[in-house]
Amino acid sequence: MEKIKMTTPLVEMDGDEMTRILWQDIKDILLTPFIDLKTEYYDLGLPHREETGDQVTVDAAQATKKYGVAVKCATITPNAQRVEEYKLSQMWKSPNGTIRAILDGTVFRAPIMVKGINPVVKNWQAPITIARHAYGDVYKSTEYRVPGAGTAELVFTAADGTEQRQTIHQFQGPGVLQGQYNLDSSITSFARSCFQYALDTKQDLWFSTKDTISKQYDHTFKDIFADLYEAEYKEKFEAAGITYFYTLIDDAVARVIRSKGGFIWACKNYDGDVMSDMVSTAFGSLAMMTSVLVSPEGNYEYEAAHGTVTQHYYRHLRGEQVSTNPMATLFAWTGALAKRGELDNIPALTDFAHKLEKAAVDTIESGTMTGDLAGLWEGEVPACKVTGREFLEAIRQRVEAM
């Protein structure tokens, strides 16, 4: 069988721990036997980020701007324990946060649904896609402990030297203080990405904030979305037969639980962080959650929604067999390959990516799956628990049959 040719490379960002091992297994077992795989490789594993002063992360993000499509393995965002474990010179920032800031992108996360693993919310019949703003807010906040009594003020000094001041709180004793921000330009990019993704996927778009309480901060988000929709997207949405809907975040939660699914739910940064975990868990497993970062310029970065599966990695190092779910990481590859095929007009590449996804889903639905899914299984056939590598080998048999 002749391998499928690629014309433009994917930006490949390798990662850490157990997902790094699965990353190579996916390439060896399911990709390179069928595709003449062309990538521009960046090692975002924590040791190499340390060696390069994290410049490798910046370089990978810039390469994504150049080539338009990237695929990323899960990476470690170090805490104090990781600094000691890996002998780091500093507590390096989240690679995802760095990449998101450079691409000014929006993260879209959606569950992979299979028959036999039913959502906890029984009326959910179609995936719910979380669109998470990936800039600013609490993730870029300034905060510190207030030692005792005093006045906390919010001060803005304009370029011409004029000041605006507002008292935040008169502290009578110790407490905490936090300041956060966002930019009209980033919010506009977020809104435009959401509207465009809804059109591309032909799904309704919901957006929620708490503008009744945050009458300046959250209301700015609401207004920018509304103005952009009226100016650029209303007619396009009507022509596509889809709708845009705004509501308060607490009302949105209630509506989402009562819904049948099948829409995009756009959230501010922290809301999206929390709600994507809630949605993914309610659909079955975080290891069954796809994630794609989309920039306003049309750059795409695909990744798994979960972390590096540290405990499985430690067990793997001890020589134990581990049953790690590779589905989200596999779907990061298939998403990137399908988009590369679409952009480069290589139907065979896009078709292969879709067949690989179907083979993976069919493998689970036939009863062969990793341990995390076996505990949730309600299918007609008994669940057969296998290791992550055995699961990939089972998928390959189906791909070859196709």
Side-chain angles (χ1 to χ4, degrees), residues 12-29 41-52 54 56-57 60 71-100 107 109 111-112 132 134 139 270 272-274 276-281 283-291 293 301-333 369-376 385-392:
E12 177 187 351
M13 306 180 198
D14 210 344
D16 289 296
E17 298 188 321
M18 201 63 216
T19 45
R20 186 183 181 96
I21 293 167
L22 288 174
W23 188 263
Q24 190 61 47
D25 286 345
I26 288 169
K27 290 168 64 178
D28 292 344
I29 297 169
Y41 179 85
Y42 293 87
D43 184 359
L44 267 59
L46 190 51
H48 194 240
R49 277 184 274 150
E50 168 71 16
E51 290 172 13
T52 64
D54 208 29
V56 64
T57 306
V71 58
K72 180 182 173 295
C73 184
T75 48
I76 295 170
T77 299
N79 55 16
Q81 183 263 323
R82 295 293 202 168
V83 169
E84 182 177 344
E85 178 183 355
Y86 281 85
K87 303 295 187 290
L88 304 179
S89 59
Q90 62 177 278
M91 198 178 296
W92 299 108
K93 295 181 179 179
S94 161
N96 290 344
T98 298
I99 294 165
R100 289 167 190 164
V107 178
R109 290 182 171 173
I112 304 164
R132 174 187 170 189
Y139 299 87
Y270 179 76
D273 193 357
V274 174
S276 64
D277 278 7
M278 183 271 288
V279 168
S280 64
T281 303
F283 269 105
S285 169
L286 194 59
M288 297 288 283
M289 195 79 166
T290 64
S291 182
L293 177 70
E301 184 243 332
Y302 295 83
E303 62 181 329
H306 58 73
T308 58
V309 202
T310 304
Q311 294 306 314
H312 281 202
Y313 179 64
Y314 292 155
R315 288 170 54 194
H316 168 79
L317 291 180
R318 293 195 297 267
E320 299 177 23
Q321 293 289 323
V322 292
S323 184
T324 312
N325 191 338
M327 283 287 283
T329 303
L330 174 59
F331 272 58
W333 273 105
M369 65 198 73
T370 47
D372 61 320
L373 301 184
L376 304 169
K385 176 183 171 182
V386 296
T387 67
R389 186 177 179 87
E390 288 170 342
F391 179 67
L392 294 174

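The residues of the chain are indexed from 1 along the displayed sequence. Just so it is clear, the model here is predicted, and its values are computed rather than measured.
Listed by chain and number, the residues in a salt bridge (charged side-chain N to carboxylate O under 4.0 Å, His left out) with Glu390 amount to none (sequence neighbours excluded). Listed by chain and number, the residues in a side-chain hydrogen bond (donor to acceptor under 3.5 Å, both in side chains) with Asp277 amount to none (sequence neighbours excluded). Partners of Asp372 according to the salt bridge (charged side-chain N to carboxylate O under 4.0 Å, His left out) rule, which considers only residues two or more places apart in sequence or in another chain, do not exist here. Shown here are the side chain to side chain contact (heavy atoms under 4.5 Å, CB included) partners of Arg389, two or more places apart in sequence or in another chain: Asp25, Ile29, Thr387, Glu393. For Lys27, the salt bridge (charged side-chain N to carboxylate O under 4.0 Å, His left out) criterion is met by Glu12, not counting sequence neighbours.
Looking only at atom types and distance, the side chain of Tyr41 has a donor-acceptor partner in the side chain of Asp14 under 3.5 Å away.
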Are Lys385 and Leu373 close enough, and set up right, to give a side chain to side chain contact (heavy atoms under 4.5 Å, CB included), and what steps lead you there?
CA-CA 9 Å; Lys385 176 183 171 182; Leu373 301 184; over 6 Å; no

Step-by-step side chain to side chain contact (heavy atoms under 4.5 Å, CB included) determination, Lys72 to Tyr302
CA-CA 6 Å; Lys72 180 182 173 295; Tyr302 295 83; over 6 Å; no

Would you please test Thr310 and Arg82 for side-chain hydrogen bond (donor to acceptor under 3.5 Å, both in side chains) and show each step?
CA-CA 11 Å; Thr310 304; Arg82 295 293 202 168; 2.9 Å; yes

In sequence, state the C-alpha distance, the side-chain angles, and the governing distance for Val71 and Trp23, and then conclude on side chain to side chain contact (heavy atoms under 4.5 Å, CB included).
CA-CA 11 Å; Val71 58; Trp23 188 263; 3.5 Å; yes

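Judged by the 6.0 Å distance and 45° axis criteria, Arg132 is positioned over the aromatic ring of Tyr139.
Nearest heavy atoms, Ala304 versus Ala332: N-CB, 4.1 Å. Taking both residues in full, the closest heavy atoms of Met289 and Ser280 are given as SD-CB, 3.3 Å, listed atom of the first, atom of the second, then distance. Ser323 approaches Gly371 most closely through the heavy-atom pair OG-N, 2.7 Å. Of all the heavy atoms in Ala80 and Met91, the pair that sits closest is N-CE, 3.6 Å. A pairwise comparison of heavy atoms in Leu44 and Thr57 identifies CG-OG1, 4.0 Å as the closest pair. When every heavy atom of Tyr86 is checked against every heavy atom of Glu17, the shortest pair comes out as OH-OE2, 3.5 Å.
Residues Thr281 and Phe283 form no side-chain contact, since every pair of their non-hydrogen atoms from C-beta on lies 4.5 Å or further apart. You'll find the side chain of Thr75 stays beyond 4.5 Å of the side chain of Met13, heavy atoms only. Counting heavy atoms from C-beta outward, Thr370 and Pro326 have side chains that approach closer than 4.5 Å. Using a 4.5 Å heavy-atom threshold, the side chains of Arg49 and Pro95 count as touching. By the 4.5 Å heavy-atom criterion applied to side chains, Ile21 and His316 are counted as neighbours. At least one side-chain heavy atom of Val322 sits less than 4.5 Å from a side-chain heavy atom of Met18. Side chains of Glu303 and Glu301 form a contact here, defined as non-hydrogen atoms less than 4.5 Å apart. Between Thr324 and Leu22 there is a side-chain heavy-atom pair separated by less than 4.5 Å.
Considering CG of Asp16 and NE2 of His48, their distance stands at 12.5 Å, rounded to 0.5 Å. Thr77 OG1 to Asn96 CG: the interatomic distance, rounded to the nearest 0.5 Å, is 6.5 Å. With values rounded to the nearest 0.5 angstrom, Asn325 atom CG is found 6.5 Å from Phe391 atom CZ. Taken to the nearest 0.5 Å, the CZ atom of Arg20 stands 7.5 Å off from the SG atom of Cys73. In this structure, the separation between OG1 on Thr290 and CZ on Phe331 is 8.0 Å, given to the nearest 0.5 Å. Note that CZ of Arg100 and CG of Leu293 are 7.0 Å apart. Values are rounded to the nearest 0.5 Å.
The salt bridge (charged side-chain N to carboxylate O under 4.0 Å, His left out) contacts involving residues 304-333 comprise Arg315-Glu320, Arg318-Glu320, where partners must be two or more places apart or lie in separate chains.
Counting only distance, with no hydrogens or angles, the side chain of Thr19 and the backbone of Gly15 share no donor-acceptor pair below 3.5 Å.
Atom CD of Gln321 is surrounded by 12 or fewer heavy atoms from other residues, nucleotides or ligands within 6.0 Å.
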